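Below is one structure, written out as structure tokens; comments come after it.
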Amino acid sequence: MSAQLVLNGFVGLCSGFVVSGAVFAFIVAIGIVPRLAIRSGTQKYVRFYENMISVGGVFGATTIFVDYSIPIGQVGGAVTGLAYGVFLGCLAVCLAEVLNVLPIMARRAKLQKGISVFIFSLAVGKAAGALVYFFSPFNF
């Protein structure tokens with residue numbers, strides 16, 4: 001094994017740790033974990049949630065160079081995909097909430113009532129778009 005190959009592997013590993021650290025810092029900065037814990041009434045598990053996000057980041061970073069295989073089948077894949085989608089949706093909503101996107105948009109559109117319906121329709125539209133993308137016979 002050449003020194004160049006070892007150096008490239010080390011630089012790649014360090015780069016992955018830097019990127020995952022930035023993602024964790026971003027998640028902490030917008031406060032997604034405490035917000036979701038408060039909304040779900042599970043404040044006592046915040047430390048567990050944060051630890052699992054860290055473990056998931058390390059596990060995800062190692063999948064680049066370690067071939068993990070977990071036989072969960074199609075149903076397990078669907079459940080996992082749903083969990084990923086829920087997490088990313090919550091992340092997007094928390095980011096929008098931190099940046100005050102929805103209150104500003106509601107004020108400019110002069111929405112007084114029905115904001116919850118508006119947010120629900122955004123979620124349904126996002127889900128419908130994802131379903132069309134993944135199950136479409138065309139290659140996008």
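All of these numbers come straight from a predicted model, not from anything done at the bench.
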key: Connected hydrophobic set around Ile38, excluding itself, where side chains approach under 4.5 Å   = none

message = Tell me every residue that passes side chain to side chain contact (heavy atoms under 4.5 Å, CB included) with Phe120, counting only those two or more places apart in sequence or in another chain.
response = Val124

Below 3.5 Å, can you tabulate the donor-acceptor pairs from side chains in residues 6-13 to any protein atom, sequence neighbours excluded?
unit_1, atom_1, unit_2, atom_2, d
Asn8, OD1, Gln4, NE2, 3.3
Asn8, ND2, Gln4, O, 3.4

key: Same cluster (ILVMFWY, side-chain, under 4.5 Å), Ile53 and Val55   = yes

request  = Would you indicate whether Gln43, at its atom CD, is surrounded by more than 12 heavy atoms from other residues, nucleotides or ligands within a distance under 6.0 Å?
outcome  = yes

message = Applying a strict under-4.5 Å side-chain criterion to I, L, V, M, F, W and Y, I'd like to know whether Met52 and Val46 cluster together.
response = yes

key: Joint cluster assignment, Val86 & Val33, ILVMFWY side-chain distance < 4.5 Å   = no

request  = Could you please spell out the steps behind the side chain to side chain donor-acceptor pair (under 3.5 Å) verdict for Thr42 and Tyr49?
outcome  = CA-CA 10 Å; Thr42 58; Tyr49 296 151; 2.8 Å; yes

